Amino acid sequence: MNIAIKKIWSTLQLVPTGKVVSYGQLADLAGLPRRHRLAARALKIAPTEMALPWHRVLATSGQISIAKESDNYRKQMELLRNEGVEVINGRVDMKRFRWQPDLAELLWTLQH
DNA sequence: TTGCTGACTGCCT
DNA sequence: CAGGCAGCCAGCA
């Protein structure tokens, strides 16, 4: 499996409960600027048994980026609400819920 | 190699 | 706020 995909997955594990990131932000944090579409692909092909917090990734607009009719769409909304993230009309207020780690937090997280 | 597609973005109407 | 669209970059036929 592609090393870039693995970076996306491992970076996603750092996103704390109750916070969200955009695809582009996730790629940036993984050290892969301009690879937001790769981040999307990484989530799509991620094995279920990895138990990644895939639901904490949204479009930069705050919209859920899955087909509204799909089971996963409903599941993502449910998972987010379960951890305190407000979802209104399929959209999250990114100003309030975006994960914005500062350098100290990132370093701490990477050590544990 | 070429062309098309997509769980994306930013810009412009 | 909703579309439309070009740019983007892997994966796949």
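Being a predicted model, the structure only gives us computed values, none of them experimental.
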Taking atom P of B:dT9 as reference, at what distance in whole Å does atom CD of A:Gln25 sit?
10 Å
Spacing of A:Arg34 atom CZ relative to C:dA6 atom C1', expressed in whole Å:
17 Å
For A:Asn89 and C:dC1, is the shortest distance between a side-chain N/O and OP1 or OP2 below 4.0 Å?
no
Closer than 4.0 Å, any side-chain N/O of A:Arg41 to the OP1 or OP2 of C:dC12?
yes
From CD of A:Glu69 over to P of B:dA7, roughly how many Å is that when rounded to an integer?
12 Å
Can you see which heavy atom on A:Lys19 is nearest to which on A:Arg98, and at what distance?
CD-O, 4.0 Å
To the nearest Å, how far apart are A:Leu26 CG and B:dA7 P?
16 Å
C:dA10 P sits how many Å from A:Leu32 CG, rounded?
9 Å
Any strand, both distances under 3.5 Å, Watson-Crick or G-U wobble: C:dC8 pairs with none
Can you check the A:Ile5 CD1 to C:dA10 C1' distance for me, whole Å?
8 Å
Quick one: label A:Ser22 by what it contacts on the DNA or RNA (base, sugar-phosphate, nothing), any heavy atom closer than 4.0 Å.
sugar-phosphate
Distance-only, no hydrogens or angles: does the A:Gln76 side chain make a donor-acceptor pair with backbone N or O of A:Val57 under 3.5 Å?
yes
Close side-chain approach of A:Thr60 and A:Met94, heavy atoms under 4.5 Å:
no
Provide, to the nearest angstrom, the distance between the OH atom belonging to A:Tyr23 and the C1' atom belonging to B:dC8.
8 Å
What is the distance, rounded to the nearest whole Å, between atom CZ of A:Arg56 and atom C1' of B:dA7?
17 Å
Would you say A:Arg35 places a side-chain N or O within less than 4.0 Å of OP1 or OP2 belonging to C:dC8?
no
Do A:Ile45 and A:Leu12 belong together in a cluster built from hydrophobic side chains that touch within less than 4.5 Å?
yes
Counting only side-chain N and O atoms of A:Arg37, is one of them less than 4.0 Å from OP1 or OP2 of B:dA7?
no
Under-3.5 Å donor-acceptor pair between A:Tyr73 side chain and B:dA7 base
no
Options C:dA10, B:dA7, C:dA2, nucleotide nearest the side-chain atoms of A:Leu38:
C:dA10
Min side-chain heavy-atom separation A:Trp99-A:Leu29 under 4.5 Å
yes
Starting the side chain at C-beta, find the nucleotide from C:dG11, B:dA7, B:dT9 nearest to A:Asn2.
C:dG11
